[in-house]
Amino acid sequence: MTQVDRKISHQKPVIRQLDETAINRIAAGEVVERPASAVKELVENSIDSGAYRIVVEVANGGKSLIRVTDDGCGMGPDDLPLALSRHATSKIDGSDLLNIHSFGFRGEALPSLGSVGRLSITSRAEGEEAYSITVSGGKTSEIRPAALSRGTVVELRDLFYATPARLKFLRTDRSEMQAISDVVKRLAMAEPTIGFTLRDMTDGADRITFRTEPETGDLFEALATRLGRIIGREFIENALKIDAEREGIRLVGYAALPTYSRGSSTTQFLFVNGRPVRDKLLHGALRGAYADFLSRDRHPAVALFIDCPPVEVDVNVHPAKAEVRFREPGLVRGLIVSALRHALAEAGHRASTTVASATLGAMRPEGSTPGRVYQMDRPTQAGLRNAAAWQAPAPGLSEQMPQSYLPEQSQSFAPTSARVDVIEEEGIATDAPLGAARAHLHENYILAQTRDGMVIVDAHAAHERLVYEKLKRQMAENGVAEQALLIPDIITLGENDAARLLDMAEELSRFGLSIEPFGPGTIAVRATPAILGAVNAEAMLQDILDELDDLGESLTLQARIEAILSRVACHGSVRTGRRMKAEEMNALLREMEATPHSGQCNHGRPTYVELKLSDIERLFGRT
């Protein structure tokens, strides 16, 4: 590092006023980070114009060409030069910067793009002629008549040609194209009534990489169809509808079942007033809502939309508008957590359909398959009885046959790992969601018959979840027992950290942690949760503070207590290797049907697999 001798006089620095081109290039560094940022700004302008269809064309990952065409309201000849002026916008009048109802409002995107690339705008307002204007490297041309039926066409060529150093920081064409596709898809999720088309024009080709037509129907019908096209039908089939409102803030969308979790957070789509955002508070709320159902290395798949009055959220936090700040962050977080947990509780024992698909995939035979054998349709019960009668040996014949020809009933034919109980048909609830128990396999798995298929239950995992839910209910009703410390722990944290912990002292006391002030920046720990045993109070408080810094709230104490309850449930549940009677198996199935969250264990794994009879028949070529 160069050392500066401050005793030696230097020439006094001169304060200069930067010219408009330099200002726009600096602004472009904040607003236009990469080609995907330019696409985002232009598509948002098209949405604000009331467009019904939007077409995005790019070449070489957006580096050489970005063209956005819409059928919106368009602009007149007097508006075109203003649109290229810095801080000129039709979205707001400047009197109220909090009451913003549009995507754009800063008036920086178009002049910033024109300062670092070759930008041209052709537009036609209703009842007027079409006109065109261009700007290259910050130099604007005159307005010229053009040919256009309606709407606006914005074309950006040679992005960052005026600032070639920025080109070195761009990734490969494939990576930039993937980022553009992600931006378009997120905006398409937010606006299901608008049609979007993304074309790759590299090397003169015209390849459509994404296309979706405007959706019809009510809010949830249109949203479900659009999400199914973008995320996949599996997501909609395994997602729960979310619709909750609290104090003027509404949360709608879809959240997937815990058994449909992912290894990363790439399938978490969050929107605030239609604007795609990546907000630490919202992601922390998701983690809190699914904390009791997923391990830390799994992430839920969601598409959630928060609608609130514009004055309740500040979108002017960052030029890219990817971050927001809520006036009441606790209210928003509480709404997300309560709505998701309520929806998961209402789902009951439901598990994702992908579990059955994976099971069927694992059961398919390997290697070469023989020619298809055509079989007759499945016989009726009467036909089976007649066939059995025809194949039964004649009276007295069984005494004359060798023992090797007779059906064996020994344990070698029915090993202990596949015990089958004889169960009377009367009173068996095959119409119940999880059916009636028919067998106990490998002293752990329950095989149950349903009306149209069968269910395989992991008895240990299922009973572990049932015991865990019972322990949680008892804790909620009776509270967490405290273990008073004979000598309080005196912990010095600093005034700010101590104040933050004392602000949530009442919440911590609900989980058995009792703290109180003990001088400036110092806290006295009077009691700790009894279920945790001996704990390092200072380390626990530091973990809580770290989580507050990261997520804005802390689940450390609750997570530790629930981890103990989960461990107790594991040791207190049905163990693998224990044989269960038919009555016990059916009782377990009925309790699963009545207990929320019983479709997955405490770590998010499925507790049962359901196979339809049609799928089983397909495995044997009976279709």
E312 side-chain N/O to P309 backbone N/O, donor-acceptor pair under 3.5 Å | no
Min side-chain heavy-atom separation D307-N273 under 4.5 Å | yes
Is the backbone N or O of H597 less than 3.5 Å from a side-chain atom of Q600, with the two atoms forming a donor-acceptor pair by type?
-> yes
Student check: side-chain heavy atoms of E346 and L240 closer than 4.5 Å | no
Partners of K612 by side-chain hydrogen bond (donor to acceptor under 3.5 Å, both in side chains), sequence neighbours excluded?
-> D452, E610
Is the shortest distance from a Lys or Arg side-chain nitrogen in R278 or D182 to a carboxylate oxygen in the other one below 4.0 Å?
-> yes
Closest non-hydrogen contact found for C601 with A461 is CB-CB, 4.1 Å
Heavy-atom check, side chain of L344 versus side chain of Y290, under 4.5 Å | yes
Between N586 (side chain) and A437 (backbone), is there a donor-acceptor pair under 3.5 Å?
-> yes
Please list, chain by chain and in numerical order, all residues satisfying ring pair (Phe, Tyr, Trp, His ring centres under 6.0 Å) with F305, sequence neighbours excluded.
-> F271
Selection residues 520-537 - residue pairs positive for salt bridge (Lys or Arg N to Asp or Glu O under 4.0 Å), sequence neighbours left out = E516-R526
Report yes or no: does R341 contribute a side-chain atom to a donor-acceptor pair with the main-chain N or O of G288 at less than 3.5 Å?
-> yes
NE2 (H460) and CD (E443) are apart, to the nearest 0.5 Å, by 15.0 Å
Taking S509 for the side chain and E506 for the main chain, is one N or O donor matched with an acceptor at less than 3.5 Å?
-> yes
May I ask you to decide whether R473 forms a salt bridge with E469, counting only side-chain N to carboxylate O separations under 4.0 Å?
-> no
Would you call D431 and R451 a salt bridge, using N to O less than 4.0 angstrom?
-> yes
Between T259 and P606, is there a donor-acceptor pair closer than 3.5 Å when you use the side chain of the first and the backbone of the second?
-> no
CD1 of I491 to CD1 of I515: how many Å apart, nearest 0.5 Å?
-> 9.0 Å
Heavy-atom side-chain contact between L270 and H283 under 4.5 Å = yes
For A537 and D489, work out which heavy atoms get closest and say how close.
-> CB-OD2, 3.5 Å
SB check D503 R500 (cutoff 4.0 Å) | no
Check the pair V183, V43 against side chain to side chain contact (heavy atoms under 4.5 Å, CB included), reporting the backbone distance first and the verdict last.
-> CA-CA 9 Å; V183 165; V43 174; over 6 Å; no
Report yes if the side chains of V272 and D279 come closer than 4.5 Å at any heavy-atom pair, otherwise no.
-> no
Would you sort out whether K185 and I231 count as a side chain to side chain contact (heavy atoms under 4.5 Å, CB included), showing the intermediate values?
-> CA-CA 9 Å; K185 289 179 180 179; I231 306 178; over 6 Å; no
To the nearest 0.5 Å, tell me how far F235 CZ sits from L257 CG.
-> 10.0 Å
With sequence neighbours left out, write down each residue that passes side-chain hydrogen bond (donor to acceptor under 3.5 Å, both in side chains) with S265, or none if nothing qualifies.
-> none
Examine distances only and state if a side-chain atom of R186 and a backbone atom of P276 form a donor-acceptor pair shorter than 3.5 Å.
-> no
In this structure, CG of L447 is separated from CE of M585 (nearest 0.5 Å) by 9.0 Å
Specify the closest pair of heavy atoms between L589 and A436, including all atoms of both residues, with the distance to one decimal.
-> CD1-C, 4.3 Å
Min side-chain heavy-atom separation Y445-H440 under 4.5 Å | no
Evaluate side chain to side chain contact (heavy atoms under 4.5 Å, CB included) for V277 paired with I306, printing each intermediate quantity in order.
-> CA-CA 11 Å; V277 297; I306 300 173; over 6 Å; no
Pair F293-R298, side chain to side chain contact (heavy atoms under 4.5 Å, CB included): steps then yes or no = CA-CA 10 Å; F293 314 107; R298 304 298 297 177; over 6 Å; no
State plainly whether the residues R327 and D314 are in salt-bridge range, i.e. N to O under 4.0 Å.
-> no
If you measure from CG on L187 to CD1 on I194, what distance do you get to the nearest 0.5 Å?
-> 9.0 Å
Nearest-0.5 Å distance, CG of residue L335 to CD of residue E245 | 9.0 Å
R262 versus Y260: any side-chain heavy-atom pair under 4.5 Å?
-> yes
Is it true that a side-chain atom of T595 and a backbone atom of M592 form a donor plus acceptor pair closer than 3.5 Å?
-> no
Write down the atom of M580, the atom of A459, and the distance for their closest heavy-atom approach.
-> SD-CB, 4.1 Å
For T212, side-chain hydrogen bond (donor to acceptor under 3.5 Å, both in side chains) partners two or more places apart | E215, R226
Closest non-hydrogen atom pair, A524 against I490 | CB-CD1, 3.7 Å
May I have all residue pairs that pass salt bridge (Lys or Arg N to Asp or Glu O under 4.0 Å) and include part of residues 593-608, sequence neighbours excluded?
-> R590-E593
Which atoms form the tightest heavy-atom contact between S514 and E482, and what is the distance?
-> CB-OE2, 4.1 Å
Using a 4.5 Å cut-off on heavy atoms from C-beta on, say whether the side chain of F269 contacts that of L227.
-> no
